Trainee: 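Structure provided below as structure tokens; questions to follow.
None of these values were measured; they are calculated from a predicted model. A, B, ... follow the sequence lines: proteins, then strands. Residue 1 opens every chain.
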Number of protein chains: 2
Amino acid sequence: REKFQSISAADFFYRNREIAGFDNPVRATYTIIRELVENALDACEQYSIPPDVRTKLIDEGNSIYRIRVEDNGIGVPYDQVPYAFGQILFGSKYTLRQSRGIFGLGGKMAVLYGQITAHSSVKVLSSTGGFEKYFYELNINVQENKPIIRRKEVTPNPGRWRGTIIEFSFEGDYIRAKPKVVEYFRQTSILLPYANILFIDPDGTLYRFDKITDEMPKPAETVKPHPYGVDLEIVHRMINATRSSTMVDFLVNNFHRVGAATAMNFLKEAKISQNANPRTLDSKDLLRLVNKMKEYDGFQPPDAQCLSPIGEELLKKGIIREFRPEYVAVTQRGASAYAGYPFIVEAAIAYGGDIPITPQDEMLVFRFANKIPLLYDLHSDVTMKVIKKINWQRYRLDLSSMPLAFFVHICATKVPYKTVGKEYIADRPEVEYEIEWALKTCARDVRNHLAKKEKADIVQRR
Amino acid sequence: REKFQSISAADFFYRNREIAGFDNPVRATYTIIRELVENALDACEQYSIPPDVRTKLIDEGNSIYRIRVEDNGIGVPYDQVPYAFGQILFGSKYTLRQSRGIFGLGGKMAVLYGQITAHSSVKVLSSTGGFEKYFYELNINVQENKPIIRRKEVTPNPGRWRGTIIEFSFEGDYIRAKPKVVEYFRQTSILLPYANILFIDPDGTLYRFDKITDEMPKPAETVKPHPYGVDLEIVHRMINATRSSTMVDFLVNNFHRVGAATAMNFLKEAKISQNANPRTLDSKDLLRLVNKMKEYDGFQPPDAQCLSPIGEELLKKGIIREFRPEYVAVTQRGASAYAGYPFIVEAAIAYGGDIPITPQDEMLVFRFANKIPLLYDLHSDVTMKVIKKINWQRYRLDLSSMPLAFFVHICATKVPYKTVGKEYIADRPEVEYEIEWALKTCARDVRNHLAKKEKADIVQRR
Ligand SMILES: Nc1ncnc2c1ncn2[C@@H]1O[C@H](COP(=O)(O)OP(=O)(O)OP(=O)(O)O)[C@@H](O)[C@H]1O
Ligand SMILES: Nc1ncnc2c1ncn2[C@@H]1O[C@H](COP(=O)(O)OP(=O)(O)OP(=O)(O)O)[C@@H](O)[C@H]1O
Ligand SMILES: [Mg+2]
Ligand SMILES: [Mg+2]
């Protein structure tokens with residue numbers, strides 16, 4: 001009576017693409033640019049390559065646009081290209097390390113959108129800097145979620161070029177999307193004073209953000225899971241894959257910052273034998289292990305090697321370049337964690353210069369997550385919740401009469417996005433707490449500057 | 001250098017479960033109950049079975065709860081049970097017909113959450129009313145996205161019982177989730193005056209909503225896609241599956257409300273030969289076909305047989321039972337469509353009775369989509385956007401001083417949810433328009449009632 005069927009992950013995201021940010025041609029134009037530029041920036045920063053990302057959007061008429069993004073990043077290995085761009089839920093960012101990408105979905109959704117609205121295939125040219133470079137023309141077989149290789153060419157790479165060029169057409173609406181697209185590039189460059197970012201739009205306008213420093217943040221390193229982030233599924237997988245024959249070895253080899261002494265202490269408290277073979281634990285033991293792990297307070301907190309914050313100096317440089325403010329207060333909080341996932345909040349408040357005075361309900365708030373600018377759903381976001389909560393008068397900051405701009409950057413191994421389209425961030429209490437303290441620290445700093453300035457003015461007038 | 005991997009759909013939703021409404025134990029408690037009850041109600045209504053759905057939530061201590069939902073619905077066929085409850089992206093609601101379920105995900109996410117937080121497997125007892133009933137104990141193999149059958153028993157079904165019972169444990173927080181959970185049952189019953197709904201909570205409190213009528217809306221029927229909702233992927237699949245050997249037959253057999261005459265006329269305008277074999281169309285032809293289909297104005301609009309609105313009478317009954325208002329204005333708009341997907345808006349405004357006077361920023365707004373109560377993200381939802389836009393003073397309705405309650409129900413073959421957790425609805429212009437007109441119609445109706453009443457009072461006083 002009921003007709004049962006299973007569908008592939010590609011079919012699911014094809015049918016429900018508005019959930020991934022592809023609601024309509026305006027939003028799709030923005031999302032496509034965002035997804036491709038973020039892939040390019042990840043490919044550079046992960047390997048300490050000063051990013052050089054060039055985006056071109058051409059109007060082909062009939063609402064069809066052609067997008068081309070070129071980067072000087074690490075490139076995509078020859079045999080992975082078809083899957084990287086043609087199979088949904090495939091990628092290299094499923095590890096515990098900060099990166100813009102996390103779902104293994106974004107680039108493919110962009111390609112899929114071009115395929116269904118403009119019958120376009122995607123052209124990818126890439127090289128990892130070796131003797132050859134390779135070109136692919138691909139489509140996605142949606143029902144089976146696998147790539148369709150239309151064309152494949154391997155050519156010599158005498159210049160040892162390394163990078164990726166991706167190009168395809170799609171149905172868009174640049175006229176309506178333009179303000180958000182331009183703002184996306186502008187905000188991206190605020191956090192990346194060490195990157196060359198170029199955008200040529202369909203009107204031929206060149207938007208260019210040249211780097212002003214060679215200094216880059218240290219890249220994030222992949223870490224093992226932290227005990228506080230554990231659940232039964234993770235532990236099951238670890239046990240199935242482990243070669244450790246004792247529980248102490250198992251814990252030391254599989255978890256972040258767990259040494260032999262800590263492991264032995266913990267196992268004693270969890271009443272699990274230190275020499276037991278992990279594979280002999282029954283489901284009662286496993287449940288007790290997981291629950292005890294989450295509450296044992298003898299574990300070292302997660303450290304920040306898996307994160308790559310911008311840093312106070314670079315953040316300041318980026319803000320100064322864009323706004324030339326009279327004063328910028330920046331702060332980077334220490335590493336914190338929610339559910340075992342480490343994160344760091346960086347914040348800034350800038351005053352004066354090119355910053356306009358805005359009405360209180362139109363405050364200038366710039367939000368970033370893993371260096372991705374968030375331009376939608378401000379009022380659902382945790383940052384806005386915190387800003388509304390803070391009593392700014394305590395810091396003698398009058399939001400309605402002073403030229404102020406607020407910046408909040410959250411970097412995490414797992415950003416608590418509420419949506420697949422990465423629009424805004426859920427309000428985790430630990431994250432909320434860190435944002436609040438970061439902003440208050442900056443507020444105090446700005447207040448002190450304004451107080452000094454006021455004093456100096458008074459002295460001067462006498 | 002980069003480590004590439006693909007993950008299953010189950011692994012994706014396991015890693016990103018907050019995107020499906022499983023952020024934390026409080027929200028999970030609500031979402032689990034919601035998903036199971038919605039499955040039960042669909043199983044009844046789709047087959048005109050007056051629903052009898054009984055939910056029990058037991059506190060097992062240590063934040064672990066056991067949920068049990070029993071229904072008298074159509075049951076799940078023997079061979080489909082493992083996939084229906086153990087394979088993500090599997091179900092019977094992938095068709096073009098109104099139902100609460102659409103993703104093939106909800107029930108499984110609930111089971112998965114119980115599996116990872118409480119090591120629970122799911123117990124399912126079901127029968128489609130035949131000679132046998134069958135019991136399964138299942139888990140989900142997350143990495144491979146397939147069911148693990150722990151136990152399976154087929155037993156005689158002498159009473160020809162038909163229905164489904166599902167039971168498992170999970171880590172929850174009923175104390176915090178309680179207000180939303182109770183509200184969910186209450187709002188569900190408002191739209192279902194023909195259903196018996198029962199909920200026994202961990203404190204032993206019985207919430208009971210008995211039916212007050214036997215009259216049910218006619219179930220929705222599956223329809224073919226409408227030309228306005230077409231895209232290249234859909235057309236490709238139709239062509240691959242079709243046995244039609246001419247374009248006229250192909251259109252008539254594959255699309256909703258397209259007759260031979262309309263098909264011939266359309267093909268002439270699209271400059272595609274009427275006798276061409278669909279499989280001979282090249283990609284240029286297909287793109288022209290799809291684009292022309294979307295703009296050809298000679299197609300009949302989608303009709304409403306694939307929808308199942310509550311109807312003005314039943315909606316009124318449900319509101320009266322719950323609020324005993326002095327007056328209820330209800331309206332059902334005609335069928336409309338967005339992107340080829342038909343939808344109908346039903347709305348009501350109730351005045352007086354048990355309805356309290358609420359401050360304007362805390363208005364009583366009840367939102368429903370395919371009969372699912374939406375209890376989150378009111379301010380991001382399209383309904384709130386419309387309510388804020390309407391000039392209520394024109395209808396002499398003072399929201400801050402009158403006891404008013406607003407009800408909006410959208411039924412569609414594809415509700416434009418913004419999230420996998422079905423929290424709120426995107427603002428499609430066609431939907432916005434329909435909600436606006438429905439509410440204004442009700443507002444006028446209430447205003448007329450109040451004007452009459454005022455007149456009668458004046459006459460009486462003389
Ligand atoms: N420009 C590029 N340079 C190098 N590798 C790339 C590039 N673009 C994509 N890739 C590779 O392809 C993979 C898939 O990209 P995709 O955007 O689909 O998913 P993701 O970036 O991993 O996650 P998300 O969905 O969050 O964006 C990436 O993980 C990366 O390994
Ligand atoms: N109580 C039930 N009675 C009958 N069939 C059921 C019941 N619960 C689940 N099913 C079947 O199992 C399938 C999968 O349910 P699941 O909740 O995972 O997805 P869905 O309801 O199709 O979509 P959604 O993710 O939107 O809820 C359903 O499509 C239905 O066919
Ligand atoms: Mg990506
Ligand atoms: Mg369901």
Side-chain angles (χ1 to χ4, degrees), chain A residues 1-9 11-12 14-16 18-19 23 43 46-47 62 74 76-77 80 83-84 87 89-95 102-105 112 115-119 128 142-143 222 231-233 237 283-284 286-287 290-291 377 379-380 414 416-420 426 428, chain B residues 1-9 11-12 14-16 18-19 23 43 46-47 62 74 76-77 80 83-84 87 89-95 102-105 112 115-119 128 142-143 222 231-233 237 283-284 286-287 290-291 377 379-380 414 416-420 426 428:
Chain A
R1 285 271 213 52
E2 289 281 283
K3 173 169 164 295
F4 289 84
Q5 65 184 106
S6 70
I7 63 172
S8 74
D11 206 347
F12 176 83
Y14 154 67
R15 291 165 184 252
N16 301 298
E18 63 279 355
I19 277 174
D23 319 29
Q46 195 56 48
Y47 294 90
N62 267 333
I74 195 70
V76 188
Q80 306 291 357
Y83 305 104
Q87 183 171 308
L89 299 187
F90 183 93
S92 60
K93 299 168 197 167
Y94 289 127
T95 55
I102 44 166
F103 297 131
L105 186 57
L112 179 60
Q115 179 172 313
I116 52 181
T117 59
H119 213 231
T128 48
V142 177
Q143 281 183 299
T222 301
D231 63 42
L232 280 157
E233 176 68 20
R237 292 184 196 189
S283 65
K284 275 248 236 75
L286 285 175
L287 190 54
V290 167
N291 288 334
D377 295 311
H379 291 283
S380 309
K414 182 172 195 288
Y417 292 115
K418 272 297 269 179
T419 58
V420 175
R428 284 277 179 168
Chain B
R1 285 271 213 54
E2 290 280 283
K3 172 168 165 296
F4 289 84
Q5 63 181 111
S6 69
I7 64 171
S8 75
D11 207 345
F12 175 82
Y14 154 66
R15 290 166 184 252
N16 300 299
E18 63 279 355
I19 277 175
D23 318 28
Q46 194 54 48
Y47 294 91
N62 269 334
I74 195 69
V76 188
Q80 306 290 357
Y83 304 105
Q87 184 172 307
L89 300 186
F90 183 93
S92 60
K93 298 167 197 170
Y94 288 127
T95 55
I102 43 166
F103 297 132
L105 186 57
L112 179 60
Q115 180 172 314
I116 52 181
T117 59
H119 213 232
T128 48
V142 177
Q143 281 182 298
T222 301
D231 63 40
L232 279 157
E233 176 68 20
R237 292 184 196 189
S283 65
K284 275 251 239 64
L286 285 175
L287 189 55
V290 167
N291 288 334
D377 295 309
H379 291 283
S380 309
K414 183 173 194 284
Y417 292 115
K418 273 295 270 180
T419 58
V420 175
R428 286 275 180 169

Trainee: Side chain, backbone, both or neither: which part of B:V76 has a heavy atom under 4.5 Å from chain A?
Mentor: side chain
Trainee: Side chain, backbone, both or neither: which part of B:S380 has a non-hydrogen atom closer than 4.5 Å to chain A?
Mentor: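 Looking at B:S380, just its side chain touches chain A.
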Trainee: Is it the backbone or the side chain of A:Y417 that comes under 4.5 Å from a heavy atom of chain B, or both, or neither?
Mentor: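 Only the backbone of A:Y417 comes within 4.5 Å of chain B.
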Trainee: Given that the side chain runs from C-beta out, which part of A:T117 has a heavy atom under 4.5 Å from chain B: side chain, backbone, both or neither?
Mentor: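 Just its backbone gets close to chain B.
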Trainee: Is it the backbone or the side chain of B:Q5 that comes under 4.5 Å from a heavy atom of chain A, or both, or neither?
Mentor: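 Answer is both: backbone and side chain atoms of B:Q5 are under 4.5 Å from chain A.
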Trainee: Find out whether B:F12 and A:L105 are in side-chain contact, i.e. whether some heavy atom of one side chain is under 4.5 Å from a heavy atom of the other.
Mentor: yes
Trainee: Checking heavy atoms, do the side chain of A:S283, its backbone, both or neither come under 4.5 Å from chain B?
Mentor: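 Both backbone and side chain.
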Trainee: Identify which part of A:R428 has an atom lying under 4.5 Å from any heavy atom of chain B, answering side chain, backbone, both or neither.
Mentor: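 Only the side chain of A:R428 comes within 4.5 Å of chain B.
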Trainee: Between B:D23 and chain A, with a heavy-atom cut-off of 4.5 Å, which part of the residue counts as in contact: side chain, backbone, both or neither?
Mentor: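 Contact with chain A: backbone and side chain both.
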Trainee: Which answer fits B:K414, side chain, backbone, both or neither, if we ask what part of it has an atom under 4.5 Å from a heavy atom of chain A?
Mentor: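 Contact with chain A involves the side chain of B:K414 alone.
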Trainee: At a heavy-atom separation under 4.5 Å, does A:S8 approach chain B through its side chain, its backbone, both, or neither?
Mentor: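 Backbone of A:S8 only, per the 4.5 Å heavy-atom cut-off to chain B.
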Trainee: By a 4.5 Å heavy-atom criterion (distance strictly below it), what part of B:L112 contacts chain A: side chain, backbone, both, or neither?
Mentor: neither
Trainee: Would you say the ring centers of B:Y83 and A:F4 fall short of 6.0 Å from each other?
Mentor: no
Trainee: What's the shortest heavy-atom distance between A:D231 and B:I116, and which atoms?
Mentor: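 Scanning both residues completely, I find the closest heavy atoms to be CB-O, 4.1 Å.
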Trainee: Could you tell me which portion of B:E2 (side chain, backbone, both or neither) has an atom closer than 4.5 angstrom to a non-hydrogen atom of chain A?
Mentor: both
Trainee: What residue, out of B:I74, B:T222, B:V142, has the most heavy-atom pairs lying under 4.5 Å from chain A?
Mentor: B:V142
Trainee: Looking at every non-hydrogen atom in both residues, tell me the closest pair between B:I19 and A:T419 and how far apart they are.
Mentor: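 Closest heavy-atom pair between B:I19 and A:T419: CD1-C, 3.7 Å.
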Trainee: Give a yes or no on whether a salt bridge exists between B:R237 and A:D11, defined as a side-chain N under 4.0 angstrom from a carboxylate O.
Mentor: yes
Trainee: Looking only at heavy atoms and a cut-off of under 4.5 Å, which of B:A84, B:G91, B:G104, B:P77 has the most pairs with chain A?
Mentor: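 Heavy-atom pair counts peak at B:G91.
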Trainee: Using non-hydrogen atoms only, which part of A:L287 is less than 4.5 Å away from chain B: side chain, backbone, both, or neither?
Mentor: side chain
Trainee: Counting only non-hydrogen atoms closer than 4.5 Å, does A:E233 touch chain B with its backbone (N, CA, C, O), its side chain (CB onward), both, or neither?
Mentor: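 Both backbone and side chain of A:E233 come within 4.5 Å of chain B.
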Trainee: I need the residue from A:E18, A:Q143, A:Q87 with the largest number of non-hydrogen atom pairs under 4.5 Å to chain B.
Mentor: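 Most pairs with chain B among the choices: A:Q143.
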Trainee: At a 4.5 Å cut-off on heavy atoms, which part of B:Q46 comes close to chain A: side chain, backbone, both, or neither?
Mentor: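 Looking at B:Q46, just its side chain touches chain A.
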Trainee: Using a 4.5 angstrom heavy-atom cutoff, name the option from B:R15, B:Q115, B:K3 with the most pairs to chain A.
Mentor: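 With the most close heavy-atom pairs to chain A, the winner is B:R15.
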Trainee: Against chain B, label A:A43 side chain, backbone, both or neither, depending on which of its atoms sit under 4.5 Å from a heavy atom there.
Mentor: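 When you check distances to chain B, no heavy atom of A:A43 falls under 4.5 Å.
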